[in-house]
Every structure is written in structure tokens, then in C-alpha cells.
Q: 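Pasting in a structure now, in C-alpha cells, and then I'll have a few things to ask.
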Amino acid sequence: MAAAAGRLLAATVARSGRAGWAGLGRAPAVPLVPRGATVTRSGAILPKPVKTPFGLLRVFSVVIPFLYVGTQISKNFAALLEEHDIFVPEDDDDDD
């Protein structure tokens, strides 16, 4: 049902020559191109999409804070479980 509604909306937008609700009457016509398309209907090759560089600084600026927050949540939850005697690790004697 949702797929049929999506196709109906796409056909309506393509027929009217506009894309989206914000473009009604104000924006110039934008051709509706299906996701993953590499050519237009006439056979012309589309230009390469703009790629945003994703450097190591961006990766580390996301990974490190969330890794730290995750470890803090895990540590606090483990302390809560041990405090309420829900899960208490046993002390193994390795005197063999």
C-alpha cells in the first residue's frame, strides 16, 4: 500500500514538473530522477555526485565521544547490577 502511494506521489510530482511541497509555484522545475539512476530518459549520462570528504578527524570526533559515553553507561549499569546482587562475578581461585 505504501509503495503504491509512493509511486502515485512520484507520478504526480513528475507530471506537474515540480519536486516536493515547498516547490509549488515558486521553484523552477526539477526533474525527478529515481535513486541510483546513472542515465536520464534520453540516455545522457548524469554527472558525478558531489562527494563530501570524510577525514579521519571527523571519524575520531564521532567515535571517541560515543565510545566514552558507552563505557560510562556500561560501567554504571554493571555497578548497579552488582549493588543489587543481580549479577555478582564469582572469584575464581587459580591456585592449581
Side-chain angles (χ1 to χ4, degrees):
M1 182 70 181
R7 284 193 300 267
L8 179 64
L9 179 63
T12 305
V13 169
R15 199 173 324 119
S16 69
R18 296 180 182 95
W21 297 107
L24 295 177
R26 292 188 301 255
V30 177
L32 184 65
V33 179
R35 185 180 180 124
T38 56
V39 294
T40 61
R41 287 186 181 176
S42 64
I45 298 174
L46 293 172
K48 280 188 171 183
V50 178
K51 284 196 168 185
T52 306
F54 199 77
L56 286 176
L57 180 64
R58 290 184 185 178
V59 172
F60 288 130
S61 66
V62 170
V63 169
I64 290 174
F66 283 101
L67 195 61
Y68 178 74
V69 168
T71 56
Q72 292 302 313
I73 291 171
S74 298
K75 185 175 78 170
N76 290 337
F77 192 68
L80 178 81
L81 290 176
E82 193 170 342
E83 179 182 333
H84 292 286
D85 293 327
I86 296 172
F87 176 76
V88 179
E90 295 179 10
D91 293 332
D92 291 335
D93 291 331
D94 293 332
D95 297 337
D96 296 331

Q: So how far is it from Asn76 CG to Thr71 OG1, rounded to the nearest 0.5 Å?
A: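 Spacing of CG (Asn76) from OG1 (Thr71) equals 9.5 Å.
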Q: Treat each ILVMFWY residue as a node, draw an edge where side-chain heavy atoms are under 4.5 Å apart, and state whether Val59 and Phe66 are in one component.
A: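 In one cluster: no.
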Q: Rounded to the nearest 0.5 Å, what's the gap from CD on Gln72 to CG on Leu67? Could you check?
A: 10.5 Å
Q: Is Ile45 atom CD1 crowded by more than 12 heavy atoms from other residues, nucleotides or ligands, each under 6.0 Å away?
A: no
Q: If we only count heavy atoms from C-beta on, is the Leu46 to Thr40 side-chain gap below 4.5 Å?
A: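 Touching, per the 4.5 Å side-chain cut-off.
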Q: Please answer: with hydrophobic residues joined when any side-chain heavy atoms are less than 4.5 Å apart, are Leu80 and Ile73 in the same cluster?
A: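 In one cluster: no.
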